[in-house]
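Along the sequence shown, residues carry numbers from 1. First listed ligand is number 1; within each ligand, the first listed atom is number 1.
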Amino acid sequence: MGGRKIIIIGGGIIGSSLGYELVKRGESVTIVEQTDLASGASGAAAGMLAADCEHFEHSELQNLARLSRDLIPALVHEVKEISGIDAGLNQQGFLTPARDNLEAEELQARIIAEATGQWWVPEQLAAAEPALAKGLSGAIYRSEEIQVMPSKLTEALAFSAQATGAVLLRQTEVTRIQVHNKRVEGVQTSRGFLPCDQVVLAGGWGTEQLLQPLGLSFPLEPVKGEIVEVQSSVPLLQATLYAKSIYIVPKPGNKLWIGATSIPGDSSQGVFADSIVRLISEAAKWIPDLRHAQFERAWAGHRPKSPDGLPYIGGFQELQGLYAAAGHYRNGILLSAITATMLANEMEGKDTPGINLDAFRPDRFQRQLEGGVLR
Ligand SMILES: Cc1cc2nc3c(=O)[nH]c(=O)nc-3n(C[C@H](O)[C@H](O)[C@H](O)COP(=O)(O)OP(=O)(O)OC[C@H]3O[C@@H](n4cnc5c(N)ncnc54)[C@H](O)[C@@H]3O)c2cc1C
């Protein structure tokens with residue numbers, strides 16, 4: 001295949017990954033972004049590719065998460081070569097520490113049940129991470145888990161797509177999807193009409209509005225999340241700390257990102273003062289010296305969540321040429337690489353070997369509604 005005109009709505013991590021994948025396959029790609037790259041959830045994320053720490057209950061999603069995480073390091077190097085943008089890949093692994101012996105037993109049982117990670121005894125933990133609180137009872141160390149600077153990765157992918165031949169339209173809003181005889185014809189934008197053969201909805205939370213005039217829907221709810229950034233004069237953490245109630249992610253320049261809150265249904269933009277207090281005091285329980293770090297900034301974003309928590313990936317049965325890649329909830333950075341591969345395959349009419357996309361169909365709730373299953 002190749003040479004089809006494809007419009008991707010949204011310059012977040014998902015639209016940018018897909019744009020780069022499709023243009024590499026010889027397609028004619030335009031990415032349309034209403035404001036700027038990574039201005040939505042992708043610019044608010046912590047950038048963790050926590051395929052094992054996240055404990056996906058859905059087995060196919062767990063499979064996708066590991067596949068995707070393992071694709072990212074090579075992709076980061078590839079797009080750095082093309083775009084010159086360094087996505088800040090950190091391969092120091094993830095730690096889940098135990099406060100007491102009971103927690104240590106639970107975590108050790110998890111290593112056996114999940115067959116991932118290794119147990120670090122307290123002495124090993126203290127030697128590797130001397131700034132951690134004293135008296136911890138050990139930790140799970142997961143060497144395969146990685147993390148990136150999510151805005152940088154989004155930009156690196158989008159600019160690599162552009163350098164490979166894609167058109168990147170920023171400050172351009174898609175206002176309508178034009179269809180004729182149950183086929184996509186193009187999109188109306190704030191800068192005029194763009195004809196195309198295929199359209200991909202990758203606009204994150206809020207994209208659903210474009211479906212309403214077509215009689216289609218994929219429900220998404222915003223789940224607000226807030227992160228605090230502090231900077232210390234010396235490095236306080238090498239690996240990412242992924243505990244039950246909090247994560248602390250080391251970033252370049254002795255910065256630590258402390259996150260995140262989770263407030264379902266809240267689409268407000270600001271950061272609550274109470275969230276800052278709670279995040280910093282919880283983080284300081286793990287790293288006491290963090291109290292002497294400088295507060296740098298705090299921000300909020302909205303995770304796009306579907307009713308079953310699974311992303312929408314694939315084509316709409318009722319409308320030829322219309323596809324979705326949205327609703328990646330807590331893990332859009334992690335799932336971006338495999339989403340791009342799978343959807344690009346589907347848009348070429350191919351399956352992805354070993355992967356069944358049925359659970360992720362974008363019209364799954366609509367079909368249930370029409371079948372009277374949902375009320
Ligand atoms: C606090 C927080 C922490 C997170 N941490 C992680 C993490 O550590 N790891 C991880 O994997 N995930 C994380 N996530 C989740 C992740 O950020 C999202 O799943 C992911 O960014 C979704 O990407 P997206 O491209 O679908 O959406 P977005 O990044 O929201 O991008 C959509 C883009 O589409 C544009 N757009 C929308 N409508 C239109 C239109 N009509 N016309 C043109 N453009 C349009 C928007 O401006 C936006 O730029 C986190 C999220 C939050 C909020």
**Student:** Roughly how far, to the nearest 0.5 Å, is CG of Leu256 from CD of Glu229?
**Tutor:**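 Reported to 0.5 Å precision, the distance equals 9.0 Å.
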**Student:** Please report whether ligand 1 has a polar contact with Ala325, defined as an N or O pair separated by less than 3.5 Å (distance criterion only).
**Tutor:**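 N/O-N/O distance below 3.5 Å does not exist for this pair.
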**Student:** Using heavy atoms and a threshold below 4.0 Å, how should the contact between Arg330 and ligand 1 be classified: side chain, backbone, both, or neither?
**Tutor:**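 Backbone only; the side chain of Arg330 stays clear of ligand 1.
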**Student:** Looking only at protein heavy atoms, which one is nearest to atom 30 (O) of ligand 1, and how far off is it?
**Tutor:**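 Nearest neighbour among protein heavy atoms for atom 30 (O) of ligand 1, to 0.1 Å: Ala41 N, 3.0 Å.
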**Student:** Which atoms of ligand 1 are found less than 4.0 Å from any heavy atom of His302?
**Tutor:**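 Those qualifying, in numeric order: 53 (C).
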**Student:** Considering only the protein, which heavy-atom contact is closest to atom 23 (O) of ligand 1, and what is its distance?
**Tutor:**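 In this structure, atom 23 (O) of ligand 1 has Ser42 OG, 3.3 Å as its nearest protein heavy atom.
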**Student:** Is there a polar contact between ligand 1 and Ile227, counting only N or O atoms under 3.5 Å apart?
**Tutor:**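 No - when backbone and side-chain N and O of Ile227 are compared with those of ligand 1, no distance drops under 3.5 Å.
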**Student:** If the plane angle is over 60° it's perpendicular, under 30° parallel, otherwise tilted; pick one for Tyr247 and Tyr242.
**Tutor:**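 Geometry flag for Tyr242 against Tyr247: parallel rings.
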**Student:** For ligand 1, which atoms, with element, lie under 4.0 Å from some heavy atom of Gly301?
**Tutor:**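 The list of qualifying atoms is 53 (C).
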**Student:** Does the Lys NZ or Arg CZ of Lys224 fall within the cation-pi geometry relative to Phe272 - under 6.0 Å from the ring centre and within 45° of the axis?
**Tutor:**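 Satisfied, under 6.0 Å and within 45°.
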**Student:** Counting from 1, what ligand 1 atoms have a heavy atom of Val32 closer than 4.0 Å?
**Tutor:**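 The list of qualifying atoms is 43 (C), 44 (N).
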**Student:** Evaluate Glu226 for polar contact with ligand 1, using N/O atom pairs at a separation under 3.5 Å.
**Tutor:**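 No.
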**Student:** Could an N or O of ligand 1 be found under 3.5 Å from any N or O of Ile14, whether backbone or side chain?
**Tutor:**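 It does: an N or O of Ile14 is found under 3.5 Å from an N or O of ligand 1.
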**Student:** Starting from atom 50 (C) of ligand 1, which protein heavy atom do you reach first, and at what distance in Å?
**Tutor:**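 So the nearest neighbour among protein heavy atoms is Ala45 CB, 3.6 Å.
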**Student:** Less than 3.5 Å between some nitrogen or oxygen of Ala46 and one of ligand 1, yes or no?
**Tutor:**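 Yes, there is a polar N/O contact under 3.5 Å.
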**Student:** Counting non-hydrogen protein atoms only, what is the nearest one to atom 51 (C) of ligand 1? Give residue, atom name and distance.
**Tutor:**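 For this ligand atom, the closest protein heavy atom is Arg303 CG, 3.5 Å.
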**Student:** By number and element, which atoms of ligand 1 are closer than 4.0 Å to a non-hydrogen atom of Gly47?
**Tutor:**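 Counting atoms of ligand 1 from 1, those under 4.0 Å from Gly47 are 7 (C), 8 (O).
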**Student:** Counting only N and O atoms by type, is there a donor-acceptor contact under 3.5 Å from the side chain of Ser16 to the main-chain atoms of Ile13?
**Tutor:**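 A pair under 3.5 Å: no.
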**Student:** If we ignore angles and hydrogens, is there a donor and acceptor under 3.5 Å between the side chains of Ser232 and His292?
**Tutor:**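 No donor-acceptor contact under 3.5 Å links the two side chains.
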**Student:** Under 3.5 Å, is there a donor-acceptor pair between the side chain of Gln198 and the main chain of Gly321?
**Tutor:**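 Side chain of Gln198 to backbone of Gly321: no pair is present.
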**Student:** If only atom types and distance count, is the side chain of Tyr312 paired as donor or acceptor with the main-chain N or O of Pro219 below 3.5 Å?
**Tutor:**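 Indeed, once roles are kept as given, a pair shorter than 3.5 Å links the two residues.
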**Student:** Within less than 4.0 angstrom of ligand 1, does Thr207 place any heavy atom?
**Tutor:**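 Heavy atoms of Thr207 never come under 4.0 Å of ligand 1.
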**Student:** Under 4.0 Å from any heavy atom of Gly12, which atoms of ligand 1 are there?
**Tutor:**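 Those of ligand 1 that fall under 4.0 Å from Gly12 are 25 (O), 29 (O), 31 (O), 33 (C).
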**Student:** State whether the shortest distance between N or O atoms of Ile9 and N or O atoms of ligand 1 falls below 3.5 angstrom.
**Tutor:**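 There is no such contact.
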**Student:** Is the contact between Lys224 and ligand 1 made by the side chain, the backbone, both, or neither, using heavy atoms and a 4.0 Å cut-off?
**Tutor:**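 It is neither part, as no heavy atom is under 4.0 Å.
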**Student:** Taking transitive links into account, so neighbours of neighbours count too, which hydrophobic residues share a cluster with Val223 at under 4.5 Å side-chain distance?
**Tutor:**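 Traced through the cluster, Val223 reaches Tyr329.
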**Student:** Does Leu334 reach ligand 1 with a nitrogen or oxygen that is under 3.5 Å from one of the ligand's nitrogen or oxygen atoms?
**Tutor:**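 N/O-N/O distance below 3.5 Å exists for this pair.
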**Student:** Should you measure from each heavy atom of Gly40, which atoms of ligand 1 turn up under 4.0 Å away?
**Tutor:**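 Under 4.0 Å from Gly40, ligand 1 has these atoms: 29 (O), 30 (O), 49 (O).
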**Student:** For atom 2 (C) of ligand 1, grab the closest protein heavy atom and report residue, atom and distance to one decimal in Å.
**Tutor:**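 Answer for atom 2 (C) of ligand 1: Ala44 O, 3.8 Å.
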**Student:** Check each of Arg69, Gln34, Glu173, Arg176 against atom 36 (N) of ligand 1 and report the one with the nearest heavy atom.
**Tutor:**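 Closest candidate by heavy-atom distance is Gln34.
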**Student:** If we only count heavy atoms from C-beta on, is the Trp205 to Lys305 side-chain gap below 4.5 Å?
**Tutor:**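 SC-SC contact between Trp205 and Lys305 ruled out.
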**Student:** I'd like to know if Arg364 and Asp308 make a salt bridge, using a cut-off of under 4.0 Å between side-chain N and carboxylate O.
**Tutor:**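 Yes, Arg364 and Asp308 are salt-bridged.
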**Student:** Is any side-chain N of the basic residue among Asp36 and Arg170 closer than 4.0 Å to the acidic one's carboxylate O?
**Tutor:**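 Yes.
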**Student:** Answer with side chain, backbone, both or neither: which part of Trp257 has a heavy atom less than 4.0 angstrom from an atom of ligand 1?
**Tutor:**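 Under 4.0 Å from ligand 1, Trp257 contributes no heavy atoms.
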**Student:** Charged N to carboxylate O under 4.0 angstrom, Glu114 versus Arg142?
**Tutor:**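 Yes, this pair counts.
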**Student:** Leu335 versus ligand 1: do any nitrogen or oxygen atoms come within less than 3.5 Å of each other?
**Tutor:**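 For ligand 1, there is no N or O atom that lies under 3.5 Å from one belonging to Leu335.
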**Student:** Looking at ligand 1, is there an atom of it that comes within less than 4.0 Å of some heavy atom belonging to Trp205?
**Tutor:**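 No heavy atom of Trp205 comes that close to ligand 1.
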**Student:** Under 4.0 Å, heavy-atom basis, I'd like to know which part of Ala202 is in contact with ligand 1: side chain, backbone, both or neither.
**Tutor:**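 For Ala202, the contact with ligand 1 is made by the backbone alone.
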**Student:** What protein heavy atom lies closest to atom 49 (O) of ligand 1? Include the residue and the distance to one decimal.
**Tutor:**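 Result for atom 49 (O) of ligand 1: Glu33 OE1, 2.7 Å.
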**Student:** In terms of side-chain geometry, is the basic nitrogen of Lys251 or Glu296 positioned less than 4.0 Å from the acidic oxygen of its partner?
**Tutor:**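 No salt bridge links Lys251 with Glu296.
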**Student:** Do His55 and Arg110 pair up side chain to side chain, a donor and an acceptor below 3.5 Å, judged on atom types alone?
**Tutor:**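 On atom types as modelled, these side chains qualify, holding a pair under 3.5 Å.
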**Student:** Quick check on contacts: which atoms of ligand 1 are under 4.0 angstrom from a heavy atom of Tyr329?
**Tutor:**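 Going through ligand 1 atom by atom, the ones under 4.0 Å from Tyr329 are 15 (C), 16 (C), 18 (C), 19 (O).
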**Student:** Is a salt bridge present between Arg278 and Glu282, judged by a nitrogen-to-oxygen distance below 4.0 Å?
**Tutor:**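 Glu282 and Arg278: not salt-bridged.
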**Student:** Who's the nearest protein heavy-atom neighbour of atom 42 (N) of ligand 1, and how far?
**Tutor:**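 Protein heavy atom with the smallest distance to atom 42 (N) of ligand 1: Val174 N, 3.0 Å.
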**Student:** What I want to check is whether the side chains of Gln162 and Thr164 have a donor and an acceptor closer together than 3.5 Å.
**Tutor:**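 Gln162 vs Thr164: no donor-acceptor pair found between side chains.
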**Student:** Would you mind listing every salt bridge (charged side-chain N to carboxylate O under 4.0 Å, His left out) that reaches into residues 143-160, with sequence neighbours excluded?
**Tutor:**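 The answer is Arg69-Glu145.
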**Student:** Whether the Tyr20 and Glu78 side chains hold a donor-acceptor pair (N or O, under 3.5 Å, no angle test) is what I'd like checked.
**Tutor:**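 There is such a pair between these side chains.
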**Student:** State the atoms of ligand 1, each with its element, that fall below the 4.0 Å cut-off from a heavy-atom position in His328.
**Tutor:**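 Listed by number with element, the hits are 19 (O).
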**Student:** Give the residue, atom name and distance (to 0.1 Å) of the protein heavy atom nearest atom 27 (O) of ligand 1.
**Tutor:**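 Answer, as residue, atom name and distance: Gly204 CA, 3.7 Å.
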**Student:** Has Ser39 got any heavy atom lying under 4.0 angstrom from an atom of ligand 1?
**Tutor:**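 Under 4.0 Å: yes for Ser39.
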**Student:** Could you check whether any side-chain N or O of Thr261 sits under 3.5 Å from a backbone N or O of Ser275, counting only pairs where one atom can act as donor and the other as acceptor?
**Tutor:**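 Pair absent, no side-chain N/O of Thr261 close to backbone of Ser275.
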**Student:** Looking at ligand 1, does any of its N/O atoms fall within less than 3.5 Å of an N/O of Thr172?
**Tutor:**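 Between Thr172 and ligand 1 (N or O atoms, distance only) the closest approach is not under 3.5 Å.
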